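What follows is a set of notes on a single structure, which appears directly below.
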Number of protein chains: 2
Amino acid sequence: MKDNLKDQFKEKGKQTVEILSIGTEILLGNIINTNSRWIAERLSELGLNHFRQTSIGDNLTRIREIIQECSLRCNLLIITGGLGPTPDDLTVEAIAKAFDQDLIEKEYLWDQMLEKLTNKITNKNNSSLRKQCMFPKNAEIMNNPRGTAPGMIWQPTKNFTIMTFPGVPSEMKEMWNQTASKYIKNNFSESNIFHSNTVKFCGISESSLSESIDDMLSSKNPTVAPYANLGEVKLRITAKAKSISKAQEIIDPVKYKLKHKFPKQLFGENDETLASVIVDELKKRKQTIVFAESCTGGLLSSTLTAVPGSSEVFKGGIIAYSNEIKNTLLNVSMDQIEKHGAVSEEVARSMAIGAKKHLKSTWAISISGIAGPKGGTQEKPVGLIHFAIAGPDKTLIFKKMFNSIRTRREIQRLSVNECLNNLRLILLSKKN
Amino acid sequence: MKDNLKDQFKEKGKQTVEILSIGTEILLGNIINTNSRWIAERLSELGLNHFRQTSIGDNLTRIREIIQECSLRCNLLIITGGLGPTPDDLTVEAIAKAFDQDLIEKEYLWDQMLEKLTNKITNKNNSSLRKQCMFPKNAEIMNNPRGTAPGMIWQPTKNFTIMTFPGVPSEMKEMWNQTASKYIKNNFSESNIFHSNTVKFCGISESSLSESIDDMLSSKNPTVAPYANLGEVKLRITAKAKSISKAQEIIDPVKYKLKHKFPKQLFGENDETLASVIVDELKKRKQTIVFAESCTGGLLSSTLTAVPGSSEVFKGGIIAYSNEIKNTLLNVSMDQIEKHGAVSEEVARSMAIGAKKHLKSTWAISISGIAGPKGGTQEKPVGLIHFAIAGPDKTLIFKKMFNSIRTRREIQRLSVNECLNNLRLILLSKKN
C-alpha cells in the first residue's frame with residue numbers, strides 16, 4: 001500500500017504537505033492542538049493543500065516510524081513539538097534515526113542560547129538545554145526569536161523536506177512569520193493561492209440549503225462547502241487563483257447568485273453576525289432598540305452588546321425574571337399574568353409594549369418562555385418560547401417550540417437567534 | 001513497514017485505539033478540532049491510551065486508505081465527521097469500500113428520522129437525508145439523540161472495531177455518553193482506569209499557583225496539571241487505579257491540601273462555576289440578587305441565568321446602557337452623571353443602591369466601565385471598570401483596570417468574573 005500512496009501523491013508533480021504534532025499531552029487530551037489549525041490556515045493561504053494531519057506521543061520508535069511513512073507520502077513535513085530540553089523531547093533524535101544520521105552539536109547555537117537566558121546557568125556543560133543545539137549535519141537552522149529551541153529545515157532524501165517548530169504557539173508563529181513562510185513560498189508554493197468568503201444563512205436547514213444548490217456544491221473552482229452551527233448555516237466559498245483579487249472575481253458571481261436565490265435567508269458575510277447586521281441597520285436608520293427578557297436572562301442584550309458600537313442603537317433592557325418585575329418595571333398587569341401565565345403571547349406582547357414605552361425606543365423585543373431543564377408542564381413544555389417585537393407601527397407576536405432535548409443554554413441561544421432573525425426580516429421588508 | 005507496525009502494536013495483547021477526524025474544513029484550518037481532544041480525554045479516563053490521531057479531508061480514496069492502514073495498526077478506531085447528508089459526507093461509504101462491503105438501507109432508521117424532523121420534507125424519496133440510513137449489513141447502529149445522523153459500531157475484521165460519530169460536538173458527546181462509553185468500557189478497557197477531578201481558582205495567576213505547588217506538579221499518581229482560562233485557573237488531578245472509588249481515594253488528600261492552602265482562591269470543583277457557586281450559596285441563605293449593568297450589557301445576568309435553577313435567587317436586572325435609563329430606572333441623578341461621568345465610583349454606587357431598592361433584593365451588583373474598543377479617554381481609558389455590590393448592611397465599591405489590549409468581549413467577561421468573585425468573597429466572610 002505504501003507504494004500506491006507513493007504513486008498517488010508524489011508522482012503527480014504536485015507538492016504535498018503534511019503536519020505532524022508531537023506530544024503525549026495531545027494524546028491524553030490535556031491540551032487542544034491549536035498549532036495544526038493555525039498552520040493549516042497558513043498553508044491554505046499559500047495555496048498548498050495538505051492531505052493529512054497527525055498527532056503522536058513522545059515515543060522515539062513511533063515518531064521515527066511516522067516520519068518514515070510521511071517521507072514516502074509527502075514532499076514537505078511540518079513538525080511541531082518535542083524540541084525542548086527535557087528527556088521526553090525526542091523529535092530531532094527521532095528524525096535523525098529515521099534516516100540513519102547522527103546528531104552534531106552546532107556550537108555557535110550554544111553561545112546564542114546562553115545570551116538569551118536571563119537566569120544564569122551554573123553548570124554549563126551539563127545543562128539539559130545543550131541538547132537543543134544538536135542537529136543533523138546538513139540541517140539548516142531556523143532561529144527562534146521567542147525561545148531557546150531553534151528549529152530546522154532539512155532535506156534527508158530527494159523530494160522530502162522536514163521543518164521543525166517548538167510546540168509553544170507564540171514561538172512557532174514567530175518562526176513561521178519570520179523565516180518559514182518565505183522559505184515555503186519560494187520552494188513549495190505553486191503560483192496559485194486560495195482565498196475564501198463565508199456567507200451566512202438563518203431560517204433554513206443545512207440539508208434544505210444543500211439540496212437547492214447541489215450544482216454549486218459540486219463546483220471545483222470555487223468550491224462551496226456548507227457548515228451548520230446552532231441556529232445558522234454557513235457556506236464557505238473558496239477560490240484558487242493567482243491573487244486575492246483574481247480569487248475574489250471567481251467568488252463574487254457565486255455570492256451574487258446566492259444573494260438572489262436566498263434574499264431572506266442570507267443575512268451576512270464573513271465576520272458579520274445577526275446582531276452586527278441589526279446594529280448596522282438600526283444605525284443607518286438612526287433608530288433605537290430595547291429588550292425585555294425573561295427566560296433568556298440577559299443573553300439577548302449580551303449578544304447585541306458584544307458588537308462594538310452597539311451603544312449607538314441599544315438603550316438598555318430589563319431582565320424581568322420575576323413576575324413582580326414584569327409588573328413593576330414593564331407594566332404587565334398581575335391579572336394578565338394570573339390569567340394567561342407569564343409564558344403566554346399576551347404577556348410577551350405586554351412586555352414588549354411596556355419596554356418600548358418606558359425605555360422610549362423605536363423597537364422593543366420581548367422573550368418569555370421555558371428554557372428548562374425544569375419548569376415545564378404538559379400544556380407549556382420546556383422549549384416553548386413566546387416572543388413579541390414592538391415597532392413604530394405595530395407589535396408582532398410569534399412563538400417557537402424548540403426540541404426539549406436541547407440544553408437550557410441551547411434553548412436560550414436559539415431563542416435569541418429566532419427573535420433577532422425576525423427583527424431582521426421586519427427591517428428588510430420596511431424601508432425605514 | 002506495515003508488518004512491523006502490526007507486530008509492534010497488535011501482537012502485544014494490549015488494546016490500542018486511534019482517533020480519525022474527517023473533514024476538509026480541518027485541513028483548510030477553518031475549524032479547530034475540539035472533538036479529538038474531548039475523545040482523547042475520555043479514552044484517558046477509561047484507561048485507554050491511544051497512540052495516534054489523524055485528520056483527513058473529504059476524499060473517498062484517502063479516507064478508504066487511512067482506514068485500511070488503521071485496521072492494521074489498532075484495535076479500535078474512533079471516527080468523527082462526514083456522516084451528514086451532503087455529497088462531501090463520505091465516511092460510511094469509504095469504510096464500506098475499505099472492506100469491500102456494500103451499504104444497505106436500514107428502513108426503520110428512516111421512519112425514526114422523519115419523526116425527528118420538525119420541518120416537513122416534501123420529497124421523501126429523494127431527500128438527501130435518506131443517505132444517513134445506509135450502513136454495512138452487520139453494523140450495529142448508535143442512536144443520535146441530538147441529530148439525524150446515527151453512528152455505528154462495526155467489526156469488519158478480527159480484532160478491529162470502528163465506531164462512527166457525527167462531527168457536530170454536541171451530537172458526538174451525547175452519543176458517547178449515552179452509548180459509546182459503556183461499550184468501550186466493556187470491550188476495550190483494561191483493569192486500571194484513569195479518573196480526574198478539576199479544582200478551580202480565581203484571584204491567583206497560573207504561574208503563582210504553579211510555583212507554590214511544585215511538589216504536587218511532579219507527583220506521578222495522582223498527576224496534577226494546571227490550565228488557565230480567562231479569569232480562572234484550574235488544576236486537573238488525575239489518578240490511575242482499579243476503580244473510580246480507589247482513584248477518588250488517591251485524589252481526595254490532594255484536594256484537601258489545596259483547599260487548606262488556598263481557602264479564598266479555590267472556589268469550586270468540576271462543573272461548578274463562579275455563577276453556580278453563588279446561586280447555590282444564595283439558595284442556602286434564601287437570599288435574592290439583582291444586577292444593574294452598563295458596559296457588560298447583560299453578560300452578568302446571562303452568566304448567572306445560564307445556571308439551572310437560578311430563578312430561585314435572581315429576580316432580574318436592568319441594563320442601563322444609556323444615561324437616561326440610569327436616571328429613570330435606577331434613580332441615578334443626572335447631576336451625579338454630569339459631575340462624575342457615567343463611569344465613576346459614585347455612579348456605580350448609585351446604580352447598585354437604586355437596583356437593590358427598586359427591584360427589592362438582598363444583594364445588587366452594578367458595573368459601569370469602558371469595554372472598548374472606542375470610548376476611552378486619557379483619564380478614563382478602555383479597560384477601566386467600576387463596580388459596586390450593595391448588600392444587607394453596606395455597599396462595597398471597587399474598580400479594576402484591565403489591560404487595554406484585551407478585546408471588548410474579554411473585558412466584559414473579566415468584569416463579570418471580577419464582581420462575581422468579589423461577591424463570593426463577601427459571602428464567604430459573612431455567615432448569613
Side-chain angles (χ1 to χ4, degrees), chain A residues 1-2 5 26-30 32-34 36-38 40-41 44 49-57 62 65 68-69 205 207 210-211 214 217-218 225-227 236 297-302 304-306 308 311 314-322 324-325 329 359 373-374 405 408-409, chain B residues 1-2 5 24-30 32-34 36-38 40-41 44 49-57 62 65 68-69 85-88 119 128-129 145-146 225 297-302 304-306 308 311 314-322 324-325 329 359 373-374 408-409:
Chain A
M1 200 164 91
K2 277 295 154 50
L5 286 174
I26 298 172
L27 296 187
L28 287 174
N30 291 343
I32 190 151
N33 188 350
T34 57
S36 286
R37 195 201 66 83
W38 192 86
E41 221 175 2
S44 165
N49 254 337
H50 72 296
F51 290 135
R52 205 185 270 210
Q53 291 172 6
T54 311
S55 301
I56 198 144
R62 284 194 285 274
E65 283 171 350
Q68 288 169 335
E69 278 179 48
S205 73
S207 58
S210 299
E211 279 168 33
D214 54 0
L217 294 183
S218 57
Y227 308 99
R236 191 168 173 99
L299 188 65
L300 176 59
S301 306
S302 160
L304 200 83
T305 57
S311 56
F314 180 62
K315 293 184 78 175
I318 290 170
I319 299 158
Y321 232 49
S322 69
E324 187 188 333
I325 293 183
L329 292 189
L359 309 185
K374 290 183 187 165
I405 56 158
R408 175 181 178 82
R409 205 52 175 167
Chain B
M1 200 163 88
K2 276 298 152 46
L5 286 175
T24 301
E25 64 273 28
I26 299 171
L27 297 187
L28 286 174
N30 293 344
I32 190 149
N33 188 350
T34 58
S36 287
R37 194 202 65 84
W38 191 88
E41 220 176 2
S44 162
N49 261 333
H50 71 295
F51 291 134
R52 204 184 270 211
Q53 291 171 5
T54 313
S55 302
I56 198 143
R62 285 194 285 273
E65 282 170 351
Q68 287 169 336
E69 278 180 48
T86 64
D88 63 352
N119 301 325
S128 60
L129 288 172
R146 289 186 177 251
L299 189 65
L300 176 58
S301 307
S302 160
L304 200 84
T305 55
S311 58
F314 179 62
K315 293 184 78 176
I318 290 170
I319 300 157
Y321 232 49
S322 68
E324 186 189 333
I325 293 184
L329 293 189
L359 308 185
K374 291 183 186 163
R408 175 183 178 81
R409 203 53 175 168

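Note that the structure is a prediction, hence the values are computed from the model and not measured. The figures here come from the full heavy-atom set of this structure, side chains too, leaving out hydrogens, waters and symmetry mates. Each chain gets a letter, A, B and so on, in the order the sequences are listed, and its residues count up from 1.
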Using non-hydrogen atoms and a 4.5 Å limit, figure out which bit of [X] sits close to chain B: side chain, backbone, both or neither.
X	value
I26(A)	both
L27(A)	both
K374(A)	neither
L217(A)	side chain

query = Quick one: is the NZ or CZ of R62(B) closer than 6.0 Å to the six-membered ring centre of F51(A), and within 45° of its axis?
reply =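 That pair qualifies as a cation-pi contact.
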Region of [X] that comes under 4.5 Å of a non-hydrogen atom in chain A:
X	result
R146(B)	both
P308(B)	both
L299(B)	both
E324(B)	side chain
T34(B)	both
L304(B)	neither
S44(B)	side chain
A320(B)	backbone

Which one, [options], leads in non-hydrogen pairs under 4.5 Å with chain A?
options	answer
I319(B), T54(B), L329(B)	I319(B)
I56(B), T24(B), I318(B), I32(B)	I32(B)
S322(B), P373(B), P87(B)	S322(B)

task = Could you grab the distance from atom OH of Y321(B) to atom CG of L359(A), nearest 0.5 Å is fine?
result =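 Going from the OH atom of Y321(B) to the CG atom of L359(A) covers 15.0 Å.
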query = Which distance, rounded to the nearest 0.5 Å, do you find between the CG of D88(B) and the OG of S210(A)?
reply = 8.0 Å
For the residue pair [X] and [Y], what are the closest heavy atoms and their distance?
X	Y	value
S302(A)	S302(B)	CB-CB, 4.3 Å
G298(B)	S301(A)	CA-CB, 4.2 Å
T305(B)	R408(A)	O-NH2, 2.8 Å

Residues which pass side chain to side chain donor-acceptor pair (under 3.5 Å) with S36(B), listed by chain and number, not counting sequence neighbours =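 Side chain to side chain donor-acceptor pair (under 3.5 Å) list for S36(B), sorted by chain: S21(B), N33(B).
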message = Once side chain to side chain donor-acceptor pair (under 3.5 Å) is applied, do any residues pair with R37(B), and if so which ones, sequence neighbours excluded?
response =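 Partners of R37(B) under the side chain to side chain donor-acceptor pair (under 3.5 Å) test: E41(B).
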ask   = Charged N to carboxylate O below 4.0 Å: is that the case for R52(A) and E69(B)?
value = yes
message = I'd like to know which of G29(A), S311(A), A306(A) tops the heavy-atom pair count under 4.5 Å against chain B.
response = G29(A)
ask   = Are S55(B) and E25(B) side-chain neighbours, meaning at least one heavy-atom pair lies under 4.5 Å?
value = no
